[in-house]
J.: 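Take a look at the following structure, please.
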Amino acid sequence: MSASAAIAPRSARRRQALPGLGLTLGVTFAWLGAIVIVPLAALALKPWELGVAGVVAALAEPRVLAAFRMSFGGALAAALASVPVGLLFAWVITRYRFPGRRVLDALIDLPFALPTAVAGLALTALFASNGWLGAPIEALTGWKVAYTPAGVIVALFFVALPFMVRTVEPVLRDLPLDTEEAAATLGATRLQTIRRVVLPALAPAMLTGFGLGFARAVGEYGSVIFIAGNMPMISEIAPLLIVVKLEQFSYAAAAAIGLAMLVLSFAILLLLNLWQRRLRRGLG
Amino acid sequence: MSVEMEGIVRRFAGTTALDGVSLTLKAGEFAALLGPSGSGKTTLLRILAGLDFPDAGRVRIAGVDLAGVPARQRGVGVVFQHYALFRHMTIAENVAFGLRVRPRRQRPSEAEIARRVATLLELVQIPDLAARYPDQVSGGQRQRVALARALAIEPSLLLLDEPFGALDALVRKEVRRWVRGLHDRLGITSVLVTHDQDEAMELADRIAVMDRGRIVQFGTPRALLDDPATAFVAGFIGEANRLRGEVRGGWLQIRDLPVPAVRVAVGDGSAEVFVRPEDLVVEASTGCDGGVEVALVRAERSRTRVVLRCGAAMLDGVSDHPDDQVAPGMRVGVALRRLTVFGAEGLHETVLPTRGTVRFTEGAAT
């Protein structure tokens, strides 16, 4: 102790245990500035070329509103659906040992690696009226999946699911088994144990997975446009509408839609974050 | 309530964790399962709790066979090694858990639950912590929470799995005494699993010493010390010097130590000899021709403890002589006041070499 106290005053600047703050922070900010902040600032400035009224008019267009409903509603539905299914996948991978577990484990990540256009084409072929899944579904229920909003949700679910699985899985793996055993010795049924002990412990991770999946689904483009059919007012998603606007050289209107998506997504993620903080209380 | 275990066998892939264990505990007794890791003590505890199931044998609590009874219906309280508290619940919610999960008809009212939780937290002396989360309290406090949670279901049997292992030495001693006091007040039959013999000696009425899936001796701490049933118990309980010897024609010659042969009753053959430090006494006055050299000396209040070097072996002993007569580097003679010899065919006896044989027991106790 006394030795280090004697050395310390030699330099006026406080010495840090971890050197390199200046360099690492500089690189971080430069990188963030180049790829996040500058483009975002441009996006935030561009729409106002139209004037406030122009922006409002561009966004209030029925086709734009319908696209927003499709994008956010679809992403919400897909992310919600990914919660129970992703939980199930994570449970199977972490809790059981069976042949092919590793293969299954690797397959879950495939949507991350697959070019989204390929996924989109595959899903379209699968769910088309003459597809392997589309045909029986249509025969049994009369519902069409491809080229309808349902198709959009299927594609978004496909991209959202791995986020759910991969965020819940490590938490589930680290969940000590003895807490479940403790619940059993205290008289809890298996269902009570899952509801009162396992799920609350997983809730923050589930919320994160939900948020990530939702964010990814809102911005998803490649896998959706093939299966969606892209009918204005029905199955057109907001990102596609931006491309449409760009092709019409309405750059400001495209930026307005982009900015609105950004603000909405940010608000939703912020809310999820706050909610998660509440859930984490006591989970340290 | 009384607990009976009979011929319990549990095999895991390739190994036998429990190899025919039988044990009967009296109602209200505090028993300890003591053994090195891998001796099967935790497996036995898990079988009692209903968290694991025996391949053979039966468990009865208060005369009721528990073969098909799942953990949640056994009413056995368990304090887990790492407490296994529910981290997302407050301490009060943790304690209330066992009451809240009861079927609706047996569930007490919320007011009654709150009252019982308060009483339990009072009992474990942490009434102010009710609203905290487990991560916000100390290790010793967490242990009290785990105990209160287990007691909330009014268990007929309380199981403690290495409950003091995660506490630091000072807290451990205090909590240990407190747990024993609590047991004496509540009178719940309790089973403690531990590898720490001090813990078992201090807490338990009777100790079951386990070795490789078997109970090698079950008795009071005094009985284990004075009359170990096997060489394993003699070596495991208390600190004992382990020596090798040879019995020939009723005379035991200890190989590592230059002491006169001792008259014993065990049969001829090689033998294991255990001598406790207090029974290995330095005799400075005797002819110091033996190969015994004082290696270390540690003064204690009433006597001096010494470490003796004897060939390759280091032995613990005591000396009643003034310090200037026993110092490191000196060559000394030794005498044995009491030794336990395990001879051929599992026979063993405890001998007072100066006064003759005091006890003779045939075979292992079980």
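Just so it is clear: chains get the letters A, B, ... in the order the sequence lines come, proteins before strands, and each one is counted from 1.
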J.: Heavy-atom cut-off 4.5 Å, strictly under: side chain, backbone, both or neither for L159(B) against chain A?
T.: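 For L159(B), there is no contact with chain A at all, as no heavy atom is under 4.5 Å.
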J.: Please look at A152(B) and chain A and tell me whether the side chain, the backbone, both or neither of the residue comes under 4.5 angstrom of a heavy atom of that chain.
T.: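 Contact with chain A: none, neither part.
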J.: Within residues 73-97 of chain A, which residues come under 4.5 Å of chain B, heavy atom to heavy atom?
T.: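 Expected list: none.
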J.: If you look at every heavy atom in V78(B) and T185(A), which pair is closest and at what distance?
T.: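 For V78(B) and T185(A), the tightest heavy-atom pair comes out as CG2-CG2, 3.6 Å.
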J.: Let me know if R46(B) has heavy atoms under 4.5 Å from chain A in its side chain, its backbone, both or neither.
T.: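 The answer is the side chain of R46(B).
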J.: Are there more than 12 heavy atoms of other residues, nucleotides or ligands under 6.0 Å from atom CZ of F266(A)?
T.: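 No, because the 6.0 Å sphere around CZ of F266(A) holds 12 heavy atoms or fewer from other groups.
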J.: Would you check if T189(A) and R72(B) make a side-chain contact, meaning some heavy-atom pair closer than 4.5 Å?
T.: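 A side-chain contact under 4.5 Å exists here.
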J.: Can you confirm whether F29(A) is buried at CZ, in the sense that more than 12 heavy atoms of other residues, nucleotides or ligands lie under 6.0 Å from that atom?
T.: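 Count not over threshold, so no.
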J.: State whether the number of non-hydrogen atoms from other residues, nucleotides or ligands found under 6.0 Å of L191(A) atom CG is greater than 12.
T.: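 Open: at most 12 neighbouring heavy atoms sit under 6.0 Å from CG of L191(A).
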J.: I'd like to know if the side chain of H88(B) reaches the main chain of R196(A), judged simply by a donor and an acceptor atom lying under 3.5 Å from each other, with no hydrogens or angles considered.
T.: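 Checking the backbone N and O of R196(A) against the side chain of H88(B), a donor-acceptor pair under 3.5 Å is found.
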J.: Kindly list each side-chain donor-acceptor pair under 3.5 angstrom involving residues 38-45 of chain B, sequence neighbours excluded, with atom names and distances?
T.:
residue	atom	partner	partner atom	Å
S39(B)	OG	P36(B)	O	2.7
K41(B)	NZ	G35(B)	O	3.1
K41(B)	NZ	P36(B)	O	3.4

J.: For A183(A), is it the side chain, the backbone, both, or neither that has a heavy atom closer than 4.5 Å to a heavy atom of chain B?
T.: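 Both parts, heavy atoms under 4.5 Å.
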J.: Can you pull out the residues in residues 97-119 of chain B with any heavy atom less than 4.5 Å from chain A?
T.: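 Near chain A, by residue number: F97(B), G98(B), R100(B), V101(B).
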J.: For chain B, which residues of residues 171-181 of chain A have at least one non-hydrogen atom nearer than 4.5 Å to it?
T.: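 At a heavy-atom separation under 4.5 Å, chain B is reached by D178(A), T179(A), E181(A).
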